[in-house]
Every structure is written in structure tokens, then in C-alpha cells.
Amino acid sequence: MPGSLYLVSTPIGNLEDLTFRAHRILQEVSVIAAEDTRHTQKLCRHYQIHTRLTSYHDFNKEEKTPVLLELLKEEKSIALVSDAGTPLISDPGYFLVTRAIAINVPIVPIPGPSSVITALSVAGLPTDAFTFIGFLPKKSSARTRLLESLREETKTIILFETPYRIKTTLLAIQEILGDRRIAINRELTKAHEEIIRGTVQEILLSNSSRVLKGEMTLVIQGKEKRRRQDLQPGFNHRPSE
């Protein structure tokens, strides 16, 4: 039997959010494949984890994947981690996972922190169904096309954004989706954690002279479903006398 590939969720900010199970797995595996070894090394030092680290990211995945698969064939287990949160969620790993599945490597999820679920839980918007789209495209035309495709989406929408593009994105959301209710979750679980709720217009006005810093997860209200009476012509009109 080959070794197991563990998909280990790591803290999105607060190092205390590492689970007991994740801590044990990171100690027991032969190798930790990390998106940025320098970042993961800080976590390992904090918990006195001495497992060997190797880099694995989108720019070296094609050359590194065969190396990792060979280790797995040799019955050595690997923990895959991203810089923060759950691997593969807008982070590297899909390329490796699909190829590991193809050769019957056991894939073991080690659940834990996720900025997507964390942000959704505190946004004050519907949580029964949601659409996650990761980062919006950098190019204006592509960003516009994606937002336009979401215009009729009734589920809550979740996306990531950087401090350099946040105001541009808010303006695009207002123009294309309308003045919807949103929540900007900034620096989740970190010392300067902040959750800004309101309509797009309210948030733009209240933060017009302020630079929003840090990593952000936006939760956006889906398009409101039309009430049944709105679908019946003349329902709201008073009868003529």
C-alpha cells in the first residue's frame, strides 16, 4: 500500500487554531509539502514540529508532483498544507490530488480553519446556500464578465480580495450587482480582525478616507427572490371603485 496524502488545514491567522489531529499528523508524516516553506516554518517552530519541509506551489507543481508521488509509492506519507486555511481552496493542491487518486493513493482530509466558512458564519447573510468564486480576475473586462454572470445568483456570494483592489471591487459590485448588503471580513482571527457590515454604498462612504489593509473575505447578499405577489400582475393594485 502507498503512503497517505494528508490535506492538512492550518490556521488562517491565530496559531492557536491548529487542531490536535493536525498537530499530530504534521509530526508523524515523512514530509510536509508547503506552499511557502518560510511561512510554514513559523508554524512548525511554534509547535516544535521538526518534519522535513519541501515547497509545492503552482509554479513547481509539474516537476514536484512526480517526486511526491514516488515518495507515496515508497509508503511514505505526506502532509500538504497551504499558507493558511484548507488546501485546494483557492490554493495549490488540485494537480497533486488528482494524480494521487489516479494511482490509488489514500487521500485523508484533516479539517480545520477555512476563511470561507469563518467569514460566512459571521456575515449576517443567509448561510443555507452559497457560491464561492475565489479571487476576482485582475483584468477589468474579465472581472466585469464574472460579476455580470452572478447578477441573477440568489445564493450568498463569497470571494477573496486584496487591499490594493478592494475599493475598485466594491465599485464594480455596486455598478453591476447593485447596492447589496455585504460583509468585509478583514484579517480574520488576527490581532486586527475587523468585520465591516452594511450596503456597498454605506461601506464606501464610511471608509472613503481610510485604507483597508490585510487579507479580506467578502460575503455578498445574493439577488433577492421575488415575492409570489410580485409575480402576479395587478396583485398589489386596489380594485377600481
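Since the model is a prediction, treat every value here as computed from it, not as a measurement.
How far CD1 of I203 is from CG of L218: 8.0 Å, rounded to the nearest 0.5 Å. Within the model, atoms CG of L147 and CD1 of I133 stand 6.5 Å from one another, a figure rounded to the nearest 0.5 Å. The distance from the CG atom of N185 to the CZ atom of F160 is 10.5 Å, given to the nearest 0.5 Å. Taking NE2 of H23 as the reference point, atom OG1 of T10 lies at 13.5 Å (rounded to 0.5 Å). Note that CD1 of I117 and OG1 of T86 are 8.5 Å apart. Values are rounded to the nearest 0.5 Å. One finds the CD atom of E187 at 8.5 Å from the OG1 atom of T189 (value rounded to the nearest 0.5 Å).
Residues I110 and I12 do not share a hydrophobic cluster, clusters being chains of Ile/Leu/Val/Met/Phe/Trp/Tyr side chains in contact below 4.5 Å. Following chains of ILVMFWY side-chain contacts shorter than 4.5 Å, one cannot reach I78 starting from I32, and the two form parts of different hydrophobic clusters. By the rule that hydrophobic residues join a cluster once side-chain heavy atoms approach within less than 4.5 Å of another member, M216 and L150 end up as members of one cluster. Both I196 and L159 are members of a single hydrophobic cluster when ILVMFWY side chains are connected at heavy-atom separations under 4.5 Å. F132 and I220 sit in two unconnected hydrophobic clusters of ILVMFWY residues. Membership requires side-chain heavy atoms under 4.5 Å apart, directly or through other members.
Taking 4.5 Å as the limit, every side-chain heavy atom of V31 sits out of range of all side-chain heavy atoms of K76. Using a 4.5 Å heavy-atom threshold, the side chains of H46 and L18 count as separate. At a threshold of 4.5 Å between non-hydrogen side-chain atoms, the residues L68 and L5 do not count as touching. Considering only heavy atoms from C-beta on, H192 stays 4.5 Å or farther from K213 through its side chain. At least one side-chain heavy atom of Q174 sits under 4.5 Å from a side-chain heavy atom of L171. I182 is listed as a side-chain neighbour of L170, based on a closest heavy-atom distance under 4.5 Å. Looking only at side-chain heavy atoms (C-beta outward), L136 and E161 come within less than 4.5 Å of each other. Considering only heavy atoms from C-beta on, L71 stays 4.5 Å or farther from S30 through its side chain.
Around CD of E74, the count of heavy atoms belonging to other residues, nucleotides or ligands within 6.0 Å exceeds 12. Within a 6.0 Å sphere centred on OH of Y94, heavy atoms belonging to other residues, nucleotides or ligands number 12 at most. In R210, the CZ atom is crowded: over 12 heavy atoms of neighbouring residues, nucleotides or ligands sit closer than 6.0 Å. For E175, the CD atom counts as loosely surrounded, since its 6.0 Å shell holds 12 or fewer non-hydrogen atoms of other residues, nucleotides or ligands.
Between the side chain of T51 and the main chain of L26, a donor-acceptor pair closer than 3.5 Å is present. Remark: the backbone N or O of S208 is paired with a side-chain donor or acceptor of K167 at under 3.5 angstrom. In this structure, R197 contributes its side chain and V122 its backbone to a donor-acceptor pair below 3.5 Å.
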Stepwise salt bridge (charged side-chain N to carboxylate O under 4.0 Å, His left out) check, E153 with R180 = CA-CA 12 Å; E153 179 58 74; R180 299 191 184 184; over 6 Å; no
Taking it one step at a time, do T162 and F135 satisfy side chain to side chain contact (heavy atoms under 4.5 Å, CB included)?
-> CA-CA 9 Å; T162 67; F135 285 96; 4.0 Å; yes
Apply the test side chain to side chain contact (heavy atoms under 4.5 Å, CB included) to residues R143 and T168: give CA-CA distance (whole Å), side-chain angles for both, the deciding distance (0.1 Å), then the verdict.
-> CA-CA 11 Å; R143 180 171 61 244; T168 299; 3.5 Å; yes
Check the pair T127, T156 against side chain to side chain contact (heavy atoms under 4.5 Å, CB included), reporting the backbone distance first and the verdict last.
-> CA-CA 7 Å; T127 60; T156 299; over 6 Å; no
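Taking all atoms of both residues into account, the shortest heavy-atom contact from G3 to P106 is O-CD, 3.5 Å. Closest non-hydrogen pair, S77 versus Y6, comes out as CB-CE1, 3.9 Å. Minimum heavy-atom separation, E35 to D91: OE1-OD1, 3.5 Å. For the residue pair S4 and L72, the shortest heavy atom distance occurs at O-CD2, 3.5 Å. A pairwise comparison of heavy atoms in R21 and P109 identifies NH1-O, 3.6 Å as the closest pair. Contact detail for V105 and P2: the closest heavy-atom pair is CA-CG, 4.0 Å.
Geometrically, R99 engages F95 in a cation-pi contact, judged by NZ or CZ lying under 6.0 Å from the ring centre and within 45° of the ring axis.
For the side-chain hydrogen bond (donor to acceptor under 3.5 Å, both in side chains) criterion with Y56, the lone passing option out of T37, T65, D36 is T65.
Side-chain polar atoms of S55 and N60 form a donor-acceptor pair below 3.5 angstrom.
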